[in-house]
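Notes for the one structure printed next.
These numbers come from the heavy atoms of this one structure, side chains and all, not from hydrogens, waters or symmetry mates.
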Amino acid sequence: MTDENHILTRPLGASAEDGAPEAVSLGVPDEDSVISAIATVYDPEIPVNIYELGLIYAIDLHDDGRVDIEMTLTAPNCPSAQELPEQVREAVAALPGVNKASVVIVWDPPWDMSRMSDDARLALNMF
């Protein structure tokens with residue numbers, strides 16, 4: 001096994017029958033772990049985490065430990081425009097197995113309240 005998410009622990013060409021150990025997985029983070037890390041980030045003006053607010057548009061996990069995230073903000077003039085993406089990047093970068101985390105702000109499609117989870121709507125009394 002020589003794909004990107006495994007390390008060979010036996011000489012190349014040796015088989016498992018030779019008594020050498022098998023390949024060991026690097027433990028690339030899964031989507032649930034990344035979502036849990038993102039959910040620790042809150043907009044300072046809203047008592048709901050940014051994942052439940054629907055600000056995360058895409059999470060791309062790569063076999064080499066890179067995590068690419070596309071997110072938006074509630075408005076282009078959001079006062080937290082500089083700090084929220086950096087907080088997301090730091091939270092995800094701290095996960096075991098993440099070699100690099102990047103966050104890109106996107107504006108299309110624009111965010112609206114329909115992107116919020118039911119839990120977020122309930123917390124904000126928006127039903």
Query - Residue pair Glu45 / Pro79: nearest heavy atoms and the distance that separates them - result: OE2-CG, 3.3 Å
Query - Qualifying residue, where the test is side-chain contact (heavy atoms from CB on, under 4.5 Å) with Val88 and the options are Leu55, Val41, Thr40, Val34 - result: Val41
Requested in this report: Any chance you could measure Glu70, atom CD, to Asp60, atom CG, to the nearest 0.5 Å?
Outcome: 7.0 Å
Report summary line: Between Ala37 and Leu95, the two heavy atoms sitting closest are CB-CD1, 4.0 Å
Query raised in the report: Ignoring hydrogens and geometry, is there a side-chain-to-backbone donor-acceptor pair from Asn99 to Asp64 under 3.5 Å?
Result: yes
Query raised in the report: Any side-chain heavy atom of Val67 sitting closer than 4.5 Å to one from Lys100?
Result: no
Query raised in the report: Are Glu52 and Met116 close enough that some pair of their side-chain heavy atoms sits under 4.5 Å apart?
Result: no
Query raised in the report: Are Val92 and Tyr42 co-members of a hydrophobic cluster defined by side-chain heavy atoms under 4.5 Å apart?
Result: no
Query raised in the report: If you take all heavy atoms of Ala120 and Val48, which pair is closest and at what distance?
Result: CB-CG1, 3.6 Å
Query raised in the report: With distance as the sole test, does Trp111 use its side chain to make a donor-acceptor pair with the main-chain N or O of Leu53 at under 3.5 Å?
Result: yes
Report task. Check whether any side-chain heavy atom of Ile50 sits under 4.5 Å from a side-chain heavy atom of Ile56, and report yes or no. Result -> yes
Query raised in the report: Can Leu122 be reached from Tyr51 by stepping across I, L, V, M, F, W or Y side chains whose heavy atoms are under 4.5 Å apart?
Result: no
Query raised in the report: Without hydrogens or angle criteria, can the side chains of Ser117 and Asp119 be said to hold a donor-acceptor pair below 3.5 Å?
Result: no
Report task. Please confirm whether the backbone N or O of Ser114 pairs with a side-chain atom of Arg121, one donor and one acceptor, at under 3.5 Å? Result -> yes
Query raised in the report: Asp68: what forms a side chain to side chain donor-acceptor pair (under 3.5 Å) with it, not counting sequence neighbours?
Result: His62, Ser102
Query raised in the report: Between the main-chain N or O of Pro109 and the side-chain N or O of Tyr57, is there a donor-acceptor pair closer than 3.5 Å?
Result: yes
**Report entry** Check: Pro29 main-chain N/O paired with Ser33 side-chain donor or acceptor under 3.5 Å
**Finding:** no
